[in-house]
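Each remark here refers to the structure printed beneath this line.
FYI, side chains are in, hydrogens and waters are out, and symmetry mates aren't considered; it's all heavy atoms of this structure.
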Amino acid sequence: MLRGRSLSVTSLSGLPQWEVEELPVEDLLLFEVAWEVTNKVGGIYTVIQTKARTTADEWGDNYFLIGPYFEQNMKTQVEKCEPANDAVRRAVDTMNKHGCQVHFGRWLIEGSPYVVLFDIGFSAWNLDRWKGDLWEACSVGIPYHDREANDMLIFGSLTAWFLKEVTDHADGKHVIAQFHEWQAGTGLILSRARNLPIATIFTTHATLLGRYLCAANIDFYNHLDKFNIDKEAGERQIYHRYCMERASVHCAHVFTTVSEITAVEAEHMLKRKPDVVTPNGLNVKKFSAMHEFQNLHAMYKARIQEFVRGHFYGHLDFDLEKTLFFFIAGRYEFSNKGADIFLESLSRLNFLLRMHKSDVTVVVFFIMPAKTNNFNVETLKGQAVRKQLWDIAHSVKEKFGKKLYDALLRGEIPDLNNILDRDDLTIMKRAIFSTQRQSLPPVTTHNMIDDSTDPILSTIRRIGLFNSRTDRVKVILHPEFLSSTSPLLPMDYEEFVRGCHLGVFPSYYEPWGYTPAECTVMGIPSVTTNLSGFGCFMQEHVADPTAYGIYIVDRRFRSPDDSCNQLTKFLYGFCKQSRRQRIIQRNRTERLSDLLDWRYLGRYYQHARHLTLSRAFPDKFHVESTSPPTTEGFKYPRPSSVPPSPTGSQFSSPQSSDVEDEEDEDERYNEEEEAERDRLNIKSPFSLGHVPYGKKKLHGEYKN
């Protein structure tokens, strides 16, 4: 029997203390299995990559990630090495001797965790035999034409084989294996069918059928209990995948998901209520200087302004200092990601700004990858014209400066009428003429392959946002992920986000929502919904989310038109803020980043591991209380300064003077007091030490 003591953690906010028993990691091995280990496909990659450092700090050399082998990823992301753990080394050697290719090394990310990578193609000759094993285990058959499902079966079979070899040589160490999504689930099913002595956790980040149903524009969340699950999966030809997912859920000792909204969905779609909700976090990097993130915003905003100068050459009749940059980014799922409601709201925002004769201009970027041929010629020309004008201006400036310098040396004040000669004037006139264009600035930066049927472009045509001079809302579709090597907009995604004013993510289906979370940790306000895990998390933890720059659109209990009006109201209210109000709001937004730190959220994963050990090995591990960590009763309070949120400002017009705003805000707002109060309202992250785990010790009340 393993005995020990518990670690007590005090809540700085005055709320009840909670105790948590830490696992004896020196007597355990932890494996996380996912298709996105070293293989970036979607959000699961971000979850695993950002969590690796915290988990590696806690578990040390007893933490391993299992994923698929891709040669390019191996060359660029993994440093090969020999396993230090004897059980893992034997498992790798045994599988390699029996016709597999298993690669081992350290993933070159923060934390440098060990990775075990299986070459799927090299073991494909076993596919038919492994299909038979799956059928015997759970009576699920996989069609030969579904290559992705076949690959997942190979991956899962190799995982189960590997875990068997590890447990055979574990020398008394207990094994925990966490499987992410249905792609890794086959390994869990086969491990349980073979009665391997491992504690299993299955984590769903989104249900298969839920994503399909939401993409079909069905009122999903209000009809969860009315779907014929088998019929819906069969009609979409994913019944075998759905069965793999559901079998994984019911085979696991512990079932977890990433948000409360997805927990409700999973209970109806997969017929099991999640045991623990494990919110997704990020590695939060704090700057030593409190306002460094504000300086980064100003620096990267200037780079976006340079792009805008080129893109709108000849139509640059708006003040860039009064221009706001909004953006939406993610997979090109037009309805699921809320691009449909966003475009409709932009049309209404454009009407409001024009009706109120606002001098504010909004430039909106859609960063959503789609099929393209190449860059748009007109867009490239715009950047070339901008660079040409920049070179001419610098050339004339140098000549002007030299003549001025020479005149001052002679003790003369130069005649400004003669300091520029006829050639200089000719060059400048030609430069001005070169900025004339016969067409409107393009709404897309690339040539789209399916231009006529593209949902975003079709909606832009319908609502008439063509970047005309009278439009106060300008639209730019960038159908490619951002890169610092791009000839158009040479910025990484993080740099671009920091340079924008507002991220807009009005998703209908978003189990968590990393995009608004990333905005938050960078101090950029964002729009989310009460159908996203992030939005629900913030509603639970923040009394007045809008004051902290988190605008939550109600897409669950309102009609689409009402939701669109609410989003328009949020956007218009943001446009009415003064520059100082936006600075104050960014300060508040950045302070919420502590809530999203893995050092804080990692305790939910720790609870799931406690629970699975107690269920898999009840004679060795016991948890009397299975209550998960909770923050019931804890919220960031509404900031004491008035107004409670920027949209509630007494100023009803975007023309309110900055001087009036600043004087009024100075009377109400004390940043140091607010920041200190917020620091006291979140528990400091608990330390992760190696404290022994005791049998039949109270797991404690998880109060924040």
Side-chain angles (χ1 to χ4, degrees), residues 42-43 138-141 143 146 149 181-183 185 202-252 254-279 331 333-342 344 455 505-513 528-537 539-540 552-567:
C138 59
S139 300
V140 175
D146 189 344
E181 280 294 317
W182 73 274
Q183 291 97 327
F202 183 78
T203 300
T204 183
H205 298 257
T207 68
L208 262 174
L209 192 54
R211 193 179 292 279
Y212 274 85
L213 289 171
C214 287
N217 291 321
I218 292 174
D219 188 7
F220 179 66
Y221 290 99
N222 293 321
H223 295 85
L224 277 173
D225 57 343
K226 299 178 178 63
F227 290 114
N228 183 332
I229 304 300
D230 293 331
K231 176 176 175 290
E232 297 289 352
E235 287 180 349
R236 287 160 179 78
Q237 299 182 17
I238 59 166
Y239 187 68
H240 57 288
R241 295 189 182 192
Y242 166 72
C243 289
M244 293 165 68
E245 180 182 38
R246 185 165 168 178
S248 303
V249 168
H250 287 270
C251 284
V254 170
F255 173 40
T256 74
T257 188
V258 297
S259 64
E260 294 291 348
I261 192 73
T262 311
V264 175
E265 172 191 343
E267 187 173 0
H268 287 87
M269 295 288 109
L270 301 172
K271 307 304 179 184
R272 179 178 177 182
K273 184 177 181 180
D275 300 294
V276 184
V277 172
T278 53
R331 284 190 302 270
E333 296 178 9
F334 184 66
S335 298
N336 281 359
K337 295 299 183 184
D340 51 354
I341 187 177
F342 186 28
E344 186 61 41
F505 314 102
S507 305
Y508 185 78
Y509 187 76
E510 192 72 79
W512 175 247
T528 183
T529 73
N530 61 350
L531 290 181
S532 76
F534 173 82
C536 295
F537 183 81
Q539 278 184 320
E540 180 186 353
I552 302 175
V553 177
D554 183 358
R555 296 205 64 183
R556 186 172 187 181
F557 304 111
R558 294 193 182 199
S559 68
D561 189 61
D562 287 345
S563 298
C564 188
N565 284 333
Q566 185 185 20
L567 176 56

Quiz item: Does the salt bridge (Lys or Arg N to Asp or Glu O under 4.0 Å) test come out yes or no for R241 and E245, once each step is laid out?
Solution: CA-CA 6 Å; R241 295 189 182 192; E245 180 182 38; over 6 Å; no
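- Using modelled atom types, no side-chain atom of R555 and backbone atom of S563 make a donor-acceptor pair closer than 3.5 Å.
- Closest heavy-atom contact between I218 and Y508: O-OH, 3.6 Å.
- Of all heavy-atom pairs spanning D219 and H223, the tightest one is O-ND1, 2.8 Å.
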Exercise. Give the intermediate values and the outcome of side chain to side chain contact (heavy atoms under 4.5 Å, CB included) for residues Y221 and V264.
Key: CA-CA 9 Å; Y221 290 99; V264 175; over 6 Å; no
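- Separation of atoms CZ (F202) and NE2 (H250) is listed at 10.5 Å; rounding is to 0.5 Å.
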Quiz prompt | Pair Y509-T207, side chain to side chain contact (heavy atoms under 4.5 Å, CB included): steps then yes or no | solution = CA-CA 11 Å; Y509 187 76; T207 68; 3.7 Å; yes
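- At least one donor-acceptor pair under 3.5 Å links the side chain of D275 to the backbone N or O of F255.
- The distance from atom CG of L224 to atom CD of E265, rounded to the nearest 0.5 Å, is 7.0 Å.
- For the pair A252 and R272, the tightest heavy-atom approach, listed with the atom from each and the gap, is O-NH1, 2.9 Å.
- No more than 12 heavy atoms of other residues, nucleotides or ligands shown are found within 6.0 angstrom of NZ on K273.
- Pairing each heavy atom of C243 with each of V140, the nearest pair is CB-CG2, 3.7 Å.
- Atoms OG1 and CD, on T257 and E267 in that order, are 11.5 Å from each other to the nearest 0.5 Å.
- When all heavy atoms of M269 and Y242 are compared, the closest pair comes out as O-OH, 2.8 Å.
- K231 and E235 are joined by a salt bridge, as a carboxylate oxygen and a charged side-chain nitrogen come within less than 4.0 angstrom of each other.
- Here the shortest heavy-atom pairing between G210 and F220 reads CA-CZ, 3.7 Å.
- For the pair Q566 (side chain) and D554 (backbone), a donor-acceptor distance under 3.5 Å is present.
- A donor-acceptor pair is defined here as one N or O able to donate and one able to accept, closer than 3.5 Å; such a pair exists between the side chain of E181 and the backbone of A206.
- Between F537 and W512, the ring center distance clears the sub-6.0 Å criterion.
- Using modelled atom types, one finds no donor on one side chain facing an acceptor on the other under 3.5 Å when comparing T529 with S507.
- No side-chain donor-acceptor contact under 3.5 Å links S532 to the backbone of E510.
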